[in-house]
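Quick notes on the structure that follows.
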Amino acid sequence: MIFAILFILAFLIGLVTYLLSEKWVVAVLLSMGLFIVNTLADTQAKDSWTFTLIFGLPIVFVASLLGAYVVELRRGEPDDIEPEQSDVN
């Protein structure tokens with residue numbers, strides 16, 4: 001259950017960051033950075049840091065990348081791009 005909540009939060013952070021910055025790398029790194037800082041700030045759970053980082057970082061990476069991808073899919077291709085015309089002689 002906690003990993004599902006983590007996935008949803010990382011997805012939303014990646015989505016919003018990509019909307020604001022237009023760079024997927026920034027969206028992914030911000031989500032992962034927030035996750036790492038939040039994990040390491042919990043000093044009472046030092047015993048579970050390894051478990052949390054090993055299983056949580058891939059989830060955060062994929063979720064935030066998916067958030068950026070969804071934004072890019074929803075925007076679609078711009079209408080002002082003309083298709084290439086081939087020269088037929």
Side-chain angles (χ1 to χ4, degrees):
M1 177 69 181
I2 194 74
F3 286 119
I5 295 170
L6 176 65
F7 186 89
I8 293 169
L9 285 175
F11 176 83
L12 292 174
I13 291 170
L15 187 132
V16 170
T17 306
Y18 186 75
L19 279 173
L20 297 175
S21 71
E22 299 289 328
K23 296 178 182 167
W24 67 269
V25 175
V26 174
V28 171
L29 290 178
L30 180 69
S31 297
M32 292 177 71
L34 288 173
F35 176 70
I36 291 171
V37 167
N38 190 30
T39 301
L40 298 179
D42 188 11
T43 56
Q44 294 178 349
K46 282 187 178 182
D47 297 335
S48 62
W49 278 356
T50 306
F51 175 80
T52 304
L53 291 175
I54 288 174
F55 290 105
L57 277 176
I59 292 172
V60 170
F61 175 79
V62 170
S64 58
L65 190 61
L66 183 65
Y69 183 68
V70 166
V71 170
E72 197 60 35
L73 281 179
R74 295 295 294 168
R75 286 186 180 164
E77 295 182 21
D79 294 330
D80 58 5
I81 296 177
E82 296 179 17
E84 293 182 21
Q85 297 178 357
S86 61
D87 293 329
V88 179
N89 292 328

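To the nearest 0.5 Å, atom NZ of residue Lys46 and atom CG of residue Leu40 are 10.0 Å apart. Distance OG1/Thr39 to CE/Met32: 11.0 Å, rounded to 0.5 Å.
Counting heavy atoms from C-beta on, the side chains of Leu15 and Phe11 come closer than 4.5 Å. Tyr18 places none of its side-chain heavy atoms less than 4.5 Å from the side chain of Val70. Using a 4.5 Å heavy-atom threshold, the side chains of Phe35 and Leu6 count as touching.
Think of Leu30 as one node in a network of Ile, Leu, Val, Met, Phe, Trp and Tyr side chains linked at under 4.5 Å; its network also takes in Ile13, Leu34. Applying the 4.5 Å side-chain rule to ILVMFWY residues, one finds that Val37 remains a lone member of its cluster.
Residues Ser31 and Ala10 share a closest heavy-atom pair of OG-O, 3.8 Å.
Applying the ring-ring contact (aromatic ring centres under 6.0 Å, His included) criterion to Phe55, with sequence neighbours excluded, gives Phe51. Partners of Asn38 under the side-chain contact (heavy atoms from CB on, under 4.5 Å) rule, at least two apart in sequence or in another chain, do not exist in this structure.
In the hydrophobic clustering of ILVMFWY residues, with side-chain heavy atoms under 4.5 Å counting as a link, Val16 and Phe61 come out together. The hydrophobic cluster containing Phe3 does not contain Ile5, counting ILVMFWY residues as joined when their side-chain heavy atoms lie under 4.5 angstrom apart, directly or transitively. Note on Val28 and Val26: separate hydrophobic clusters, where clusters join Ile, Leu, Val, Met, Phe, Trp and Tyr whose side-chain heavy atoms are under 4.5 Å apart, directly or indirectly. Using a 4.5 Å cut-off between side-chain heavy atoms of Ile, Leu, Val, Met, Phe, Trp and Tyr, with links allowed through other members, Leu57 and Trp24 fall into the same hydrophobic cluster. Note on Leu9: it does not cluster hydrophobically with Val62, by side-chain heavy-atom contacts below 4.5 Å among ILVMFWY residues.
A 6.0 Å sphere centred on CG of Leu73 holds more than 12 heavy atoms belonging to other residues, nucleotides or ligands.
Screening residues 2-24 for salt bridge (charged side-chain N to carboxylate O under 4.0 Å, His left out) gives Glu22-Arg75 as the qualifying pairs, with residues at least two apart or on separate chains. Within the structure, the side chain to side chain donor-acceptor pair (under 3.5 Å) test picks out no pair touching residues 48-57 (sequence neighbours left out).
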Start with the C-alpha distance between Leu66 and Phe7, add both sets of side-chain angles, then the distance that settles side-chain contact (heavy atoms from CB on, under 4.5 Å), and finish with yes or no.
-> CA-CA 10 Å; Leu66 183 65; Phe7 186 89; 3.9 Å; yes

